[in-house]
Structure formats: C-alpha cells, structure tokens
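Throughout, numbering of the chain's residues begins at 1 and tracks the sequence.
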Amino acid sequence: MNPMVKAEGVCKRFGPLEVLKGIDLEVQPGEVMCIIGPSGSGKSTFLRCINHLEKVDAGRLSVDGELVGYQQKGDKLYELKEDEVARKRREIGMVFQRFNLFPHMTALENIMEAPVQVKGSTKAAAREFGTALLHRVGLAEKEKNYPRQLSGGQQQRVAIARALAMSPKLMLFDEPTSALDPELVGDVLGVMRELAEEGMTMVVVTHEMEFAREVADSVVFMDGGVVVEAGSPDDVIRSPKHERTKAFLSRVLKKD
C-alpha cells in the first residue's frame, strides 16, 4: 500500500529565504499527523506544497503514489498543466486559518458550489449531500444563513463541510482554530475528532497540544525549515529528546 503522503527531500525558497530545507515525511492511509512548531518554521508552507498551492524547488512530493503537480519522464520531472493539477487537487481537502467562505452564498450554497462546478454534480444531488454534511458538522439549522450571520467556529465548520463535499482522500488543516475565540475551538476540534475516528487521513498544523496528544497517530516538530523530531504523541510531546523540542513545548504547555 502506498503512503498517502510521501515527501522526499522537499525544499522551498521564497527569494533568498529557504523555508523548507529537505523535508522527509510519510503519512499512511488513515493516519492523523499533527505538525507542531514555532511560527515561521515552515509548517504551513509544507502543507501548501502537498496540494501544489506552493511549488517545491527540490525534492519530490506524492499523494497516494502519484506525484503532486509533476509528471516524471525518464529521470526528469515536468510540471503538469493547471487543469491537470486542479483535477488532482480535488482529492485533497484543505481547511485554512481564515474560513474563505463566499460571502454572497448561504452555508449550503458554499458547500454545493464545488461539487456542481468542478465535479458536475446535479444541484439536487449536491443539495442532498450538502444538507447531510451540515448535519454532520452540527449545523443543520444554519443552511440558509450567510457567513456574516455565523460565528467564527460555525464558519470554520462550514469550511470543513465544504472540503468534505468533494469526498477527498486526504484532509489538510492549516491551524484551523487559530483565528477562533477560545470558547469556539471545541466545536471545530470535535468535528475533526469525528473525522479521525472515521478513518480520514489528516495532516494538521496546530498549536492545540491536547488534540495532538489525544487524536494524532504521529507528531512532527518542525523548526527552521527542518523536521527536528518525529514520532508518537508520547515520544514527541511527553518525552521529547531534542532541546529545541523541549524548549518549544515548555513555552506552549505553560500557556495551556
């Protein structure tokens, strides 16, 4: 069985700034991987490379055995055309820090949009599936509400439902609770816990240490564009070996 995500020597630069310095990681099907680390360590950039929102400068990234954004011919990699990239990106759901909902559409219309426009679903089928997804994230009564009428936590749960509407094989979460008021965080994490229990493969960039301890199968600590430490939650969070990991966790866990 192929790893769901395989990164081999992934590097990324923004001008002179080297943000990723050779990332090697594997995420197995059904695994929940949480990536932790200080701001600016390259966590979000790596997540965006997985679905080719950012192009890698060196190394290889594959999802379910297929290169992301590239095709190999002989020993060379060739970048795919944007429509081919978009077709592969459909299989990867992504939830951002900011909810990025369409403000002129209701919650249900936001969820229906991609299946209708991208997958060619009928509106009736998209509506039925969208209604079921809103129920799944605890927002069945909000289908006619516009984003401005929803709390931040409710908007983020709609964003999760919207990503699930494409029936992805992989879900990426980029600090999905960082923009929320503390009392709204639990509802979003609850939806993510349920997804994990159902076997969804997830890569989660997060500062929520309790979630990482309880839900993750593996935890990766990144700093300065490299993987400093990786292992089980017990290994990395409870018994870190590296001084950089220990220093980071001592600061974060004090806040908790």
Side-chain angles (χ1 to χ4, degrees), residues 1-14 18-37 41-96 163-164 166-176 192 195-196 198-206 212 215-233 235-237 242 245:
M1 186 185 292
N2 289 316
M4 185 59 75
V5 179
K6 185 172 184 176
E8 303 169 88
V10 171
C11 297
K12 175 65 183 175
R13 289 179 171 276
F14 293 106
E18 194 175 12
V19 179
L20 300 176
K21 303 173 183 176
I23 302 295
D24 295 300
L25 282 179
E26 284 191 10
V27 183
Q28 302 305 321
E31 180 181 348
V32 178
M33 175 182 282
C34 284
I35 304 178
I36 62 174
S41 58
K43 309 182 301 295
S44 295
T45 298
F46 176 66
L47 210 64
R48 291 171 67 85
C49 287
I50 292 176
N51 66 354
H52 206 60
L53 287 175
E54 297 289 354
K55 300 174 185 179
V56 302
D57 293 315
R60 298 159 64 92
L61 251 174
S62 57
V63 171
D64 200 16
E66 293 190 10
L67 288 170
V68 177
Y70 297 91
Q71 182 178 29
Q72 183 160 358
K73 292 181 180 176
D75 58 354
K76 288 191 175 182
L77 294 181
Y78 296 89
E79 189 167 7
L80 295 174
K81 294 177 181 175
E82 186 53 41
D83 60 337
E84 294 175 279
V85 174
R87 183 170 51 79
K88 293 198 173 188
R89 199 179 279 144
R90 297 178 200 176
E91 300 179 328
I92 306 171
M94 187 156 185
V95 179
F96 299 88
L164 292 173
M166 295 294 284
S167 300
K169 60 173 78 171
L170 168 67
M171 285 285 285
L172 309 176
F173 292 87
D174 187 8
E175 298 193 26
M192 294 169 65
L195 287 176
E198 292 165 9
M200 175 64 75
T201 310
M202 298 161 57
V203 183
V204 185
V205 170
T206 186
V215 180
D217 298 295
S218 61
V219 175
V220 171
F221 173 66
M222 285 181 63
D223 192 16
V226 301
V227 173
V228 176
E229 193 162 353
S232 70
D235 290 340
V236 177
I237 297 177
H242 292 262
T245 317

Nearest-0.5 Å distance that lies between atom [atom1] in [X] and atom [atom2] in [Y]:
X      : Y      : atom1 : atom2 : answer
Lys12  : Leu61  : NZ    : CG    : 12.0 Å
Ser62  : Lys6   : OG    : NZ    : 6.5 Å
Glu91  : Asp64  : CD    : CG    : 7.5 Å
Ile237 : Glu229 : CD1   : CD    : 10.5 Å
Ile92  : Thr201 : CD1   : OG1   : 11.0 Å
Asp235 : Phe221 : CG    : CZ    : 15.0 Å

Met33 and Leu25: CA distance, side-chain angles, deciding distance, side-chain contact (heavy atoms from CB on, under 4.5 Å) verdict: CA-CA 10 Å; Met33 175 182 282; Leu25 282 179; 4.2 Å; yes
So which heavy atom on [X] is nearest to which on [Y], and how close?
X      : Y     : result
Pro168 : Gly93 : CB-N, 3.5 Å
Gly37  : Lys43 : O-NZ, 3.0 Å
Val68  : Cys49 : CG1-O, 4.0 Å
Pro29  : Met1  : CG-SD, 3.4 Å
His52  : Arg89 : O-NH2, 3.1 Å
Ala196 : Val32 : CB-CG2, 3.7 Å

Matching residue for Ile36 among Val219, Asp223, Thr245, Val205 - test: side-chain contact (heavy atoms from CB on, under 4.5 Å):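 It is Val219, the one option of Val219, Asp223, Thr245, Val205 that forms the side-chain contact (heavy atoms from CB on, under 4.5 Å) with Ile36.
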Is a donor from one side chain sitting under 3.5 angstrom from an acceptor on the other, for Ser44 and Glu175?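 Ser44 vs Glu175: no donor-acceptor pair found between side chains.
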Any chance you could lay out the side-chain contact (heavy atoms from CB on, under 4.5 Å) test for Met222 and Leu20, step after step, and finish with the verdict? CA-CA 10 Å; Met222 285 181 63; Leu20 300 176; 3.8 Å; yes
Which is it for Val27 and Leu170 under the side-chain contact (heavy atoms from CB on, under 4.5 Å) test, yes or no, and what are the steps along the way? CA-CA 10 Å; Val27 183; Leu170 168 67; 5.5 Å; no
